[in-house]
Each structure stands twice: as structure tokens, then as C-alpha cells.
Student: 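The structure is given below, and queries will be raised subsequently.
Letters go in sequence order (proteins before strands), and every chain restarts at 1. Side chains included, hydrogens not; waters and symmetry mates left out as well; all remaining heavy atoms used.
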Amino acid sequence: MSLVFHDTYKRAKMPFEPLEDGKVKMYNCGPTVYDTAHIGNLRAYVFADLLRRWLEAKGYEVTQVQNITDVDDKTIRRSREEGLTLSELTERFRDAFFSDLETLNILPAHIRPAATDHVDEMVTMIEELLKRDHAYRAPDGSIYFRVSSYSEYGNLSGKRLEDLRVGERVTSDEYESKDDVRDFALWKAWDEEDGSVFWETSLGKGRPGWHIECSAMSMKYLGRDFDIHTGGVDNIFPHHENEIAQSRCATDGTFARYWLHCDYLIVEGKKMSKSLGNFFKLQDLIDKGYTPREIRYVIMGTHYRSRLNFTFDGLHAARSALGRLDEFQASWQQFKVGDASAEAATAIDRAEKQFDEAMDDDLNISAAIAAIFNMVREVNSLTSQGVTTVGDRERLTQLWAKWDLALGVLSMKESSDSDGDDGWIEELIEERKQARQAKNFARADEIRDELVAKGILLKDSPEGTTWKREAN
RNA sequence: GGCGGCGUGGCCAAGUGGCUAAGGCGAAGGUCUGCAAAACCUUUAUUCGCCGGUUCGAAUCCGGCCGCCGCCUCCA
């Protein structure tokens with residue numbers, strides 16, 4: 001069984017073989033920090049996290065680099081609007097972004113470079129491109145990459161040079177200094193709009209173009225050629241196409257060897273937009289009473305190359321499904337003393353194998369989760385027959401921990417619940433217990449109804465009564 | 001105009017030539033319970049947008065049609 005990934009460049013699933021045995025070097029296109037991320041943005045990082053976790057589960061030593069774009073048109077415009085310096089603005093949203101990642105149990109990338117800290121590397125690369133005649137300086141002082149100098153341009157996105165249409169969006173003013181409308185900026189000469197944002201370099205006074213940062217930073221930390229480059233499908237063109245062109249032309253290398261892209265997220269079947277009222281940031285959902293764990297489960301639950309339909313039904317389904325997994329884990333405590341049973345071992349082994357095969361197949365998360373639930377059902381059934389033992393529990397604990405590491409959701413803490421004092425609930429439960437012992441069921445039911453009205457569900461068992469909050 | 005994707009049970013969602021079309025949610029029935037809830041078990045698509053074709057055999061391949069959607073210069 002071998003690991004395969006769908007490579008956008010080859011448009012096919014390809015066996016994954018890293019450059020260096022046992023090691024994977026991966027670059028994720030990170031956010032432009034001009035605002036807090038919405039759940040669509042966050043999907044890309046949940047995906048990258050799942051990818052990294054699975055590679056690590058396979059035993060690879062992963063080096064993950066995720067950049068922060070902290071200088072571009074949007075960050076500059078926004079900082080001026082808010083009356084902040086560029087770094088004041090970008091640091092605020094960068095921190096908010098990191099915080100969102102942590103909330104979603106996304107492991108921090110090993111290296112998280114910011115574009116503004118790597119202008120020197122970008123300048124060096126642009127100089128090399130100029131030297132090799134893949135770039136030119138335009139009359140306005142900006143430097144552009146000459147697309148016609150790279151014959152393989154368009155291979156990633158499947159666009160042929162001659163097909164690229166000059167759309168209405170390309171105003172003639174903005175591009176009149178370019179030799180060819182398809183050429184893209186490597187270096188933007190300073191203008192009024194940039195205000196105090198500029199670097200004085202050998203290239204002149206200005207700032208880097210967008211695409212060059214990812215080339216410079218990925219190669220700085222991962223080497224000329226590295227294994228995986230990820231991003232959203234919207235990055236395929238032009239961003240990644242341009243990265244490939246400038247990187248290969250500057251180095252003669254391969255650059256990234258596997259390109260993985262995740263699709264968009266839509267909400268309730270529609271494109272997320274503020275006017276439709278279906279535009280959500282992480283905190284918006286938490287404020288509605290959903291937990292980060294439920295949100296992660298939903299975002300993760302659809303294959304990364306499919307469009308994810310994010311719905312509130314789905315969020316509730318996640319709550320039930322996770323509850324079932326939690327109940328399963330809790331049920332291990334009831335296992336009787338004894339050696340591992342052959343029946344349970346068979347179910348557990350099969351599930352482990354199915355999970356591995358599913359994830360190895362381009363991260364087929366649906367099939368992987370199905371393997372978990374199949375095992376849950378089989379083991380529950382064995383438990384009801386009194387078959388499962390402490391020996392089985394050991395094996396389950398081990399496998400569960402492995403899956404948890406890979407998915408990052410099994411033991412993820414339910415936060416944002418139980419803020420405030422829950423003592424009143426315990427008091428009512430105690431009163432009800434006494435009423436029940438006195439066979440005063442009328443009062444006992446009254447208390448239960450009262451709690452239900454407040455969204456508290458009771459669960460009676462031989463060990464006592466426990467409670468939990470109902471889905472809102 | 002160019003390139004590309006999608007349409008599977010009430011909802012979400014795997015499967016892309018052949019054992020009985022995964023799994024989750026929901027729903028129904030059962031076990032348990034003072035009654036419930038929760039939990040657990042069982043059941044829940046002769047059928048994969050429609051029409052043709054290829055094949056011993058198709059949700060899976062080919063053609064046509066219908067419907068939805070993405071990208072085509074800075075948007076994860």
C-alpha cells in the first residue's frame with residue numbers, strides 16, 4: 001500500500017516519493033493579513049494540517065513552512081484607512097490568525113516567515129531573473145517577469161498563453177508600461193498610494209510583487225527543490241503558475257514537486273457572502289454555540305478536493321457523531337478483566353487497515369472516518385455481548401491515540417462550554433435523586449423538565465446521573 | 001469565447017467496470033428505564049440528473065441533452 005496524492009500539475013494521482021528518504025518538505029501558501037480569516041480561508045489550513053499530520057503518522061519527518069503575506073495592495077490600503085502603520089495592522093491580524101489556528105487544533109508550521117522579513121532574498125532573486133533576461137524594467141521603474149520567456153507557462157493551470165484573454169478587469173492604465181499584459185510584477189516601484197511603505201534596494205525604491213515572496217521564502221527554507229506546495233484552488237492561477245515560472249527561470253530547478261490544492265467552501269449551498277448573511281468567521285460560529293471541535297470536524301469531513309458545503313445541519317450532525325465517538329471511548333471503562341479477544345482484535349485490525357488505506361489514497365477522509373464508525377459499531381456490539389476485555393481496551397487506546405494524532409479531533413477539547421457557574425445544575429440533580437429515591441416521580445420529572453427547558457440533558461445510569469448541554 | 005469541475009437515499013457524503021452502492025446525521029422499530037432521556041442494537045437507495053451506446057457486466061467508459069458551479073491577473 002502506498003501513499004498517493006493528486007498532483008494538480010500532472011492532473012492525476014501520483015505515488016508520493018519525497019526527495020529525501022523519510023523527510024518531507026512542504027510549503028503552504030499562507031494568508032494575507034489584512035482582516036480576520038473567515039471559515040473559507042481556514043479550510044486551507046485545516047487541510048494543510050491534516051496533510052502534515054498524516055505524513056507524520058506515516059513516519060515522515062516533516063518540515064512545514066507557512067508564510068504570512070504582510071505587504072500588498074490590501075494591507076497597505078487597509079492600514080491607511082485605519083490610520084495604522086503597516087506592521088501595526090498586519091501584526092494584529094497575524095496574531096488573530098495564529099489564534100484561530102490554535103483554536104482549531106491546527107499544529108503551528110515549523111517556520112512561519114513574513115514577507116517583509118525576506119525582501120533581501122526577493123531582491124536577490126529578481127536580480128537573477130534580470131540577469132537571465134527573464135525580467136525587465138518598465139518605464140515606470142517596476143520590474144516584470146517576461147511570461148513569453150518561459151515556454152512552459154500555463155502548464156499548471158492548463159491555460160495556453162494564446163488563450164489568456166485580456167479581460168475588462170485589466171485596465172489599460174495600470175498595465176500600459178508592461179510589454180505584454182500577461183507579464184506580472186516582481187517589483188513595484190513606489191508610488192503615492194504606498195505612502196510610507198517602501199524599501200530602498202538595489203532595484204530602487206519600492207516593494208515586492210506578490211508572487212515573488214513565496215518563491216523566495218519556500219526555497220530559502222526548503223531548498224531549491226522541495227516536495228509539496230499547497231494552497232486553495234484560486235491560487236492555481238495566477239499565483240502558483242507565476243511562482244513556478246519565476247522559480248524555475250531563476251534557478252533551473254524543479255521547484256515544488258507535488259502541487260495540492262483544496263477547493264472552496266460554500267455555506268448552505270451558496271457562495272459565502274456578506275449580503276446573503278452566510279459569511280462566517282470562526283468566532284461567529286463559536287458565538288452561536290458551536291465548538292471549535294465541531295467546526296473542525298465539519299471542515300475536515302469533506303474530501304479536500306471537493307467543494308465543502310458548510311451547513312448548520314452539518315454542525316449538528318458533527319455534534320451527534322462526536323458524541324457517539326466520545327461515548328464509545330467512555331464505554332471502554334466497562335470492559336471486563338481478561339486478555340484481548342479474537343473477535344475484537346479482528347474488528348480493530350480491519351479498521352486500522354481500512355483507515356490507513358483510505359488516508360493513503362489522497363487523504364480519503366470519508367472512507368477513513370467510515371472505518372472508525374464501522375469499528376465502533378462492531379466493538380459496541382461485542383461489548384453488549386460481554387465479549388470485550390481490558391486487553392481489547394489496551395489495543396483500542398493505542399489505535400485511538402494514533403487516529404487522534406492523525407485527525408486532531410478525537411480528543412480535542414470542547415471549549416466555550418461551561419463558562420459560568422454550573423453549581424445550580426448539580427443541586428437540582430441532587431434534589432431529583434432524593435425525590436426518585438422517595439419514589440416522588442412527579443417532582444423528579446418536574447426537575448428534569450425544568451432542566452430540559454434550559455437545554456440541559458440528563459443521563460441516568462447505575463453510576464449516577466450526568467448531564468450535558470443540548471445542541472442549540 | 002477558452003479551460004475545468006459537479007449532479008449518489010430526507011440532509012451531508014464515499015465509491016469511478018463485477019462480491020450485498022461505505023459512513024455520518026435524521027427517521028422508524030427494539031433493548032434498557034418508574035416513565036423518559038441518553039446509550040446501544042436493527043431497519044432505512046433493485047438504485048446512482050435524463051436519453052442512447054460500448055460491454056458477458058456500468059453509478060463507474062463513450063456520445064447527446066438538462067441542471068448547477070469554478071477559473072481566465074493578485075481571491076484560501
Side-chain angles (χ1 to χ4, degrees), chain A residues 11 28-32 37-48 69 72-74 147 154 157-160 162-167 169-170 174-175 178 181-185 209-211 230-239 241-242 261-266 269-271 297-298 301-303 305-311 313-325 327-328 330-331 354 358 361 364-374 376-377 380-381 383-385 436 439-442 444-445 448-449 451-452 457-462 465-468 470:
Chain A
R11 286 175 179 62
N28 314 132
C29 263
T32 301
H38 57 252
I39 55 173
N41 298 130
L42 292 170
R43 183 191 190 190
Y45 307 105
V46 170
F47 154 60
T69 298
D72 79 322
D73 292 350
K74 292 194 297 292
V147 166
S157 56
K159 298 182 188 311
R160 289 173 305 161
E162 54 272 27
D163 287 343
L164 292 179
R165 190 170 73 165
V166 182
R169 287 155 72 181
V170 183
E174 195 180 342
Y175 292 98
K178 293 199 291 191
V181 289
R182 301 166 310 191
D183 293 347
F184 57 90
W210 174 40
H211 315 295
T230 75
V233 286
D234 54 322
N235 281 149
I236 295 172
F237 190 87
H239 185 49
E241 194 72 76
N242 292 351
H261 293 97
C262 69
D263 207 325
Y264 274 107
L265 173 154
I266 57 176
K270 298 211 170 77
K271 196 168 178 175
Y297 186 87
V298 171
T302 295
H303 183 84
R305 281 191 290 113
S306 297
R307 191 156 313 156
L308 164 58
N309 187 11
F310 191 94
T311 65
D313 273 357
L315 240 16
H316 285 99
R319 181 165 296 186
S320 299
L322 287 166
R324 181 141 178 243
L325 296 176
E327 288 291 342
F328 175 67
S331 75
Q354 286 174 348
D361 183 14
N364 187 340
I365 190 77
S366 301
I369 289 175
I372 295 178
F373 278 100
N374 278 327
V376 167
R377 192 185 59 249
N380 274 335
S381 185
T383 299
S384 70
Q385 295 163 40
R436 291 178 77 208
K439 303 265 187 237
N440 180 358
F441 296 119
D445 291 352
R448 187 171 65 205
D449 293 344
L451 286 167
V452 165
L457 294 181
L458 298 186
K459 177 181 175 183
D460 294 329
S461 76
T465 300
T466 56
W467 61 274
K468 68 178 177 184
E470 191 180 19

Student: Of the nucleotides B/C40, B/A22, B/C72, which one has an atom closest to the side chain of A/Ser384?
Tutor: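 Selected nucleotide: B/C40.
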Student: Mind checking what makes side chain to side chain donor-acceptor pair (under 3.5 Å) contact with A/Thr32, not counting sequence neighbours?
Tutor: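 Scan of A/Thr32 (side chain to side chain donor-acceptor pair (under 3.5 Å), adjacent residues dropped) gives none.
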Student: According to ring pair (Phe, Tyr, Trp, His ring centres under 6.0 Å), who are the partners of A/Tyr45, at least two apart in sequence or on a separate chain?
Tutor: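 For A/Tyr45, the residues satisfying ring pair (Phe, Tyr, Trp, His ring centres under 6.0 Å) (neighbours in sequence not counted) are A/Phe97.
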Student: The criterion is ring pair (Phe, Tyr, Trp, His ring centres under 6.0 Å); which residues satisfy it with A/His303, sequence neighbours excluded?
Tutor: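 Ring pair (Phe, Tyr, Trp, His ring centres under 6.0 Å) check on A/His303 returns nothing, list empty.
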Student: In whole angstroms, how far is the P atom of B/G24 from the OH atom of A/Tyr297?
Tutor: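 Going from A/Tyr297 (OH) to B/G24 (P), I get 9 Å.
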Student: With sequence neighbours excluded, tell me which residues meet salt bridge (charged side-chain N to carboxylate O under 4.0 Å, His left out) with A/Lys271.
Tutor: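 A/Lys271: no salt bridge (charged side-chain N to carboxylate O under 4.0 Å, His left out) contacts found.
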Student: Residues in salt bridge (charged side-chain N to carboxylate O under 4.0 Å, His left out) with A/Arg305, at least two apart?
Tutor: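 A/Asp362.
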Student: Applying side chain to side chain donor-acceptor pair (under 3.5 Å), can you list everything that pairs with A/His239, at least two apart in sequence or on another chain?
Tutor: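 If we apply the side chain to side chain donor-acceptor pair (under 3.5 Å) test to A/His239, skipping adjacent residues, the hits are A/His211, A/Glu243.
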Student: Report each atom pair, protein N/O against N/O of nucleotides 4-13 of chain B, whose distance is under 3.5 angstrom.
Tutor:
| unit_1 | atom_1 | unit_2 | atom_2 | d |
| --- | --- | --- | --- | --- |
| B/A13 | O2' | A/Ser366 | OG | 3.1 |

Student: Tabulated below should be each protein N or O lying under 3.5 Å from an N or O of nucleotides 26-29 of chain B; please produce it.
Tutor:
| unit_1 | atom_1 | unit_2 | atom_2 | d |
| --- | --- | --- | --- | --- |
| B/G26 | OP1 | A/Ser320 | OG | 3.4 |

Student: Taking only residues two or more places apart in sequence, or in another chain, which ones meet A/Asp313 in a salt bridge (charged side-chain N to carboxylate O under 4.0 Å, His left out)?
Tutor: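 A/Asp313: no salt bridge (charged side-chain N to carboxylate O under 4.0 Å, His left out) contacts found.
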Student: Not counting sequence neighbours, which residues clear side chain to side chain contact (heavy atoms under 4.5 Å, CB included) with A/Ile369? List them please.
Tutor: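 Here the qualifying residues are A/Tyr297, A/Ile365, A/Phe373.
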Student: Apply salt bridge (charged side-chain N to carboxylate O under 4.0 Å, His left out) to A/Asp263 and list each qualifying residue two or more places apart in sequence or on a separate chain.
Tutor: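 If we apply the salt bridge (charged side-chain N to carboxylate O under 4.0 Å, His left out) test to A/Asp263, skipping adjacent residues, the hits are A/Arg307.
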Student: Quick one: stems for RNA chain B, with Watson-Crick or G-U pairs under 3.5 Å, at least three in a row?
Tutor: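 Stem list for RNA chain B: B:1-7 with B:66-72, B:10-12 with B:23-25, B:26-31 with B:39-44, B:49-53 with B:61-65.
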